[in-house]
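Here's the structure, in structure tokens; my notes come after.
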Amino acid sequence: MSAVIVVHGGAWAIPNGLAKASVDGVKVAACDGFSVLQRGGSALDAVEAAVRALEDNTVFDAGHGAVLNADGEVELDAIIMDGRTLASGAVSSVKNIANPVSLARAVMEKTAHVMLTSTGANLFAESIGMATVPTDTLVTENEMKEWRKNKNYVAGVMEDFNCQWAHDTVGAVAVDSAGNVACATSTGGIRNKMVGRVGDSPIIGSGGYADNFVGAVSCTGHGESILKVTLARLILSHVEQGKSLAESSQLSLKYMGDRVLGAGGAIVVSPSGQWAATFTTERMAWAAVDHDGLWYGLEPNERRKEQLSQ
């Protein structure tokens, strides 16, 4: 079984000024995750490593590049799921945590629960000795400037995925050499969201899903729209019916667009190592590493390839 990892840096109208940094960021994250797989690590380890790399990169709306809510605060959401056992962990509305994906994994492995939120999630992080960081270290100067400029959330949401100031989610899916799949998704949400707003990212079946019998998905786009159609599970239901990963993603994203006028994207991997990266927004930075090399893209239907340096 050949191992594969696919990552995305969010589906939105990525401006030219961020295009190269976005593509470079997903390529690095995919290579980080793949190196875990090459060392014999699990799909779960690989998606966590890849998403941590994206959370540490201020180009993306997760961890260190998070956007601010209506009160000017950071509230982070994340999920991780193991396709072998369906074990999953999620956190929502957490503050002061640089890598919420790792906190989500701790919820999965160290508690009897699936999701912890807000203060409870932060208290749990404290109880297990997870390092916290000052909130201002997670916020870029550019985000502060954009937040002040775009304080009207209602107008912001209407324009959200058709404008150049809306960032979005990051995620990863992988299959390891044992045929186990996993997914992880992490986000800072939508700029100027209401305090306490939670989107699709930490919700099983919406922001992500992983099942060894079918595959693993990580979604990105307008969270409320993704929640309404449970996008991750919808994609896998088409896969279960025998459709290809790409067709399953395209059908599901089209349904979301037709039914609730939502745009977005998804990355998918199957237990046999097939993969797809699909989106209905202007752009989505994505990268994948398989036995053939490093694949990546930004524009619709773009699929470039590089040989991996040894």
Side-chain angles (χ1 to χ4, degrees), residues 2 4-31 33-34 50 54 59-61 160-164 166-175 183 185 207-208 215-222 225-226 229 231-232 234-236 238-239 241-270 272-308:
S2 60
V4 178
I5 188 160
V6 192
V7 306
H8 70 75
W12 59 294
I14 300 167
N16 291 335
L18 281 180
K20 184 178 185 306
S22 297
V23 172
D24 288 348
V26 292
K27 284 160 72 172
V28 167
C31 289
F34 192 70
L54 295 164
V59 169
F60 304 107
D61 174 20
D160 212 344
F161 294 92
N162 300 306
C163 72
Q164 298 197 331
H167 285 234
D168 197 47
T169 316
V170 304
V173 293
V175 57
C183 72
T185 308
V217 184
S218 173
C219 296
T220 165
H222 184 235
S225 298
I226 292 170
V229 301
L231 184 61
L234 182 61
I235 290 169
L236 290 180
H238 283 298
V239 176
Q241 291 163 26
K243 298 183 182 77
S244 72
L245 302 188
E247 188 187 3
S248 298
S249 302
Q250 286 156 1
L251 282 169
S252 302
L253 287 164
K254 183 180 185 308
Y255 175 77
M256 184 170 81
D258 292 345
R259 192 76 174 83
V260 296
L261 306 180
I267 51 173
V268 197
V269 71
S270 74
S272 62
Q274 253 89 50
W275 59 270
T278 313
F279 55 99
T280 52
T281 52
E282 282 186 37
R283 286 171 160 174
M284 180 177 84
W286 64 269
V289 184
D290 61 16
H291 63 281
D292 278 338
L294 169 64
W295 305 81
Y296 62 95
L298 179 72
E299 309 286 350
N301 303 315
E302 180 185 16
R303 190 165 157 139
R304 299 178 181 271
K305 184 184 172 189
E306 281 178 16
Q307 290 306 316
L308 284 175

Given H8, which partner from the list V173, T169, L54, V26 fulfils the side chain to side chain contact (heavy atoms under 4.5 Å, CB included) test?
T169
S22 OG to F60 CZ distance, which is reported to the nearest 0.5 Å:
5.0 Å
Can you sort out the partners of A21 under side chain to side chain contact (heavy atoms under 4.5 Å, CB included), two or more places apart, ordered by chain and number?
V59
Non-hydrogen atoms of K305 and Y296 that approach each other most closely:
N-CE2, 4.4 Å
Any idea which heavy atoms bring V170 and G9 closest together, and the distance?
CG1-CA, 4.1 Å
To the nearest 0.5 Å, how far apart are NE2 in H291 and CG in L308?
12.0 Å
Tightest non-hydrogen contact, residues W286 and L298, listed as NE1-N, 4.3 Å
Distance (rounded to the nearest 0.5 Å) between H238 NE2 and S249 OG
9.5 Å
Does K20 have any salt bridge (Lys or Arg N to Asp or Glu O under 4.0 Å) partners at least two apart in sequence or in another chain, and if so, which?
D24
Of all heavy-atom pairs linking G297 and V23, the shortest is O-CG2, 4.4 Å
Residues that R304 engages under salt bridge (Lys or Arg N to Asp or Glu O under 4.0 Å), provided they are two or more places apart:
E302
Restricting to non-hydrogen atoms, name the atom on D290 and the atom on F34 that form the minimum distance, rounded to 0.1 Å.
O-CZ, 4.3 Å
As an exercise, state the distance from OG1 of T278 to CD1 of I267, rounded to the nearest 0.5 Å.
10.0 Å
With sequence neighbours excluded, what pairs up with Q307 under the side-chain hydrogen bond (donor to acceptor under 3.5 Å, both in side chains) test?
none
Roughly how far apart are S252 OG and L236 CG, rounded to 0.5 Å?
8.5 Å
Can you measure from OG1 (T281) to CD1 (I14) and round to the nearest 0.5 angstrom?
7.0 Å
Test side chain to side chain contact (heavy atoms under 4.5 Å, CB included) applied to A232 - qualifying residues, sequence neighbours left out
Y209, V217, C219
For E299, enumerate each residue passing the salt bridge (Lys or Arg N to Asp or Glu O under 4.0 Å) test, keeping only those at least two apart in sequence or located in another chain.
R283
If the condition is salt bridge (Lys or Arg N to Asp or Glu O under 4.0 Å), which residues does K243 pass it with, not counting sequence neighbours?
none
Would you list the pairs meeting salt bridge (charged side-chain N to carboxylate O under 4.0 Å, His left out) in which at least one residue belongs to residues 254-268, sequence neighbours left out?
K254-D258
Could you pull out all residues at least two apart from T220 that satisfy side-chain hydrogen bond (donor to acceptor under 3.5 Å, both in side chains)?
D168
side-chain hydrogen bond (donor to acceptor under 3.5 Å, both in side chains) against S225, all qualifying residues, sequence neighbours excluded:
H222
Can you give me the closest heavy-atom contact between A266 and L253, atom names plus distance?
N-CD1, 4.5 Å
Residues that N301 engages under side-chain hydrogen bond (donor to acceptor under 3.5 Å, both in side chains), provided they are two or more places apart
none
According to side chain to side chain contact (heavy atoms under 4.5 Å, CB included), who are the partners of V175, at least two apart in sequence or on a separate chain?
V4, V181, V269
